[in-house]
There are 2 protein chains.
Amino acid sequence: MSISSRFSVGIHILTLIEIDKDGVSSSEYIARSVNTNPAVIRKIMGMLKKAGLIKVQPGIAGAELARDLSDITLLDVYKAVNVVKDNELFSIHENPNPDCSVGRNIQNIIEPHFISAQTALEKTLENVTIENVVNDVKDNEKLNSKH
Amino acid sequence: MSISSRFSVGIHILTLIEIDKDGVSSSEYIARSVNTNPAVIRKIMGMLKKAGLIKVQPGIAGAELARDLSDITLLDVYKAVNVVKDNELFSIHENPNPDCSVGRNIQNIIEPHFISAQTALEKTLENVTIENVVNDVKDNEKLNSKH
DNA sequence: TCAATATGTAACTACAATGATTACAGGTAA
DNA sequence: TTACCTGTAATCATTGTAGTTACATATTGA
């Protein structure tokens, strides 16, 4: 099991839109950078748009961020691209035997621990913004240009 | 996407073995409590055995914990049942375009953030033991028997 | 020794999610 | 009107999950 790469692609898209904000970030252009199909990019951009992270218009090439760089966290992207349903990162087996003391209690006992773990993960993602990622890209580029 | 219920079933199995330690926890008995097929239970028990969490022997009915209750964490179970590969909870799209400043940096920039988030999740799981779960089951049973 | 019973495991199935691809409807602008 | 874009549906190959059946292998009691 792995969380869909829609998440990392979503981050890629937002970062690219910012880095190339003076140009036109069409789905085809972004697809070449991500190395996938434009339709895949358009689908993910549709999710980012629905979540209020970017502005895109039918018929008009390009996209722009709908919020400030520093106001978009990785958690926002994670939620936007719908890779994990709320409180369902972990799945719990259904219909355990109610005639067994373990069976009739296990779900309620396990659930809060699973939610805690998922919350810890999400809090971590919330501490990183697209601005951080953009700056990291710029820093990496500066370092490498010196060699 | 959801992390396989093998994880919650694994917790169920270990808890049941402890609660019924005076009896015989055969795969068929456990399967009735979990409400699934004995072969599914045997497969998961094989993973728990391989990870050194339980003792089982071919031909001999039943199983017992291989370690102290308080020495088995949910993280141990999580790793044992192989629901997520090491550092691969999140997947990152492969082969982004190296001719693009975002494409050639994005993987290295994103990866540490993903690992941090996964680590936060795992640390949370590490703080809960099978002993905690067993005690929760017993406490729930006591509470409900009073009504 | 043999019959009964258990674990270990392979093979097969149905089902769902992912990611790629093609196709096309509908919007925009020169 | 033409060219190009976004939005979206349909299809496909691949993969993981969970259930099921079947059977080899191990153990124990009669």
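Throughout, protein chains are lettered first and strands after them, A, B, ... in sequence-line order, and every chain is numbered starting at 1.
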Residues which pass side chain to side chain contact (heavy atoms under 4.5 Å, CB included) with A:His113, listed by chain and number, not counting sequence neighbours: B:Leu74, B:Val128, B:Asp136
Are side-chain heavy atoms of A:Thr129 and A:Leu69 found at a separation under 4.5 Å? no
Does the side chain of A:Ser2 come within less than 4.5 Å of B:Val84's, by heavy atoms? no
Distances under 3.5 Å only, N/O to N/O: pair up the protein atoms with those of nucleotides 19-24 of chain D.
residue	atom	partner	partner atom	Å
D:dG19	OP2	B:Thr36	OG1	2.7

Taking the side chain as C-beta and beyond, is there a heavy-atom pair between B:Met1 and A:Val83 under 4.5 Å? no
Do B:Ile115 and B:Leu89 share a hydrophobic cluster, counting only Ile, Leu, Val, Met, Phe, Trp and Tyr and linking them when any side-chain heavy atoms are less than 4.5 Å apart? no
Would you tell me whether B:Asn97 and A:Asn35 have side-chain atoms, one donor and one acceptor, within less than 3.5 Å of each other? no
Separation of C:dG19 P from A:Asn82 CG (nearest whole Å): 13 Å
Please examine the side chains of B:Ile11 and A:Phe114, heavy atoms only from C-beta on, and report whether any two atoms are closer than 4.5 Å. yes
To the nearest Å, how far apart are A:Ile60 CD1 and D:dG7 P? 10 Å
Mind calculating the distance between CD1 (A:Ile41) and C1' (C:dT21) to the nearest angstrom? 14 Å
Under 4.5 Å between side-chain heavy atoms, hopping through other hydrophobics if needed: is there a path connecting B:Ile54 to B:Tyr29? yes
Measure CZ/A:Arg6 against P/C:dA20 and give the value in whole Å, please. 11 Å
For the CD atom on A:Glu28, are there more than 12 heavy atoms of other groups (residues, nucleotides or ligands in this structure) within a distance under 6.0 Å? no
Kindly indicate whether the side chain of B:His93, heavy atoms from C-beta on, has any atom under 4.5 Å from the side chain of A:Val34. yes
A:Asn127 side chain near A:Thr73 side chain, heavy-atom distance below 4.5 Å: no
Check step by step if salt bridge (Lys or Arg N to Asp or Glu O under 4.0 Å) holds for A:Asp99 and A:Arg104. CA-CA 7 Å; A:Asp99 297 332; A:Arg104 66 175 160 260; 5.8 Å; no
Give the residues of residues 7-31 of chain B touching DNA chain C, defined as any heavy atom closer than 4.0 Å, sorted by residue number. B:Ser26, B:Ser27
A:Glu64 vs A:Lys21 side-chain heavy atoms within contact, under 4.5 Å: no
Verify same cluster id: A:Leu75, A:Met47 (apolar side-chain graph, 4.5 Å): yes
Steps toward side chain to side chain contact (heavy atoms under 4.5 Å, CB included) verdict (A:Glu18, A:Glu131): CA-CA 9 Å; A:Glu18 171 63 22; A:Glu131 184 177 37; over 6 Å; no
Spacing between A:Met45 atom CE and D:dG7 atom C1', to the nearest angstrom: 12 Å
I'd like a list of close polar pairs between nucleotides 13-16 of chain C and the protein, N/O only, cut-off under 3.5 Å.
none

Return no unless some side-chain N or O of A:Ser4 is found under 4.0 Å from OP1 or OP2 of C:dA17. no
Going hydrophobic residue to hydrophobic residue with side-chain gaps under 4.5 angstrom, can you get from B:Leu65 over to A:Val102? yes
Ordered by number, residues from residues 83-111 of chain B within less than 4.0 Å of DNA chain C (heavy atoms) are none
When you get a sec, tell me which of C:dG19, D:dT17, C:dT28 is the closest nucleotide to the side chain of A:Ser5? C:dG19
Within residues 47-58 of chain A: residues closer than 4.0 Å to DNA chain D (heavy atoms): A:Lys49, A:Val56, A:Gln57, A:Pro58
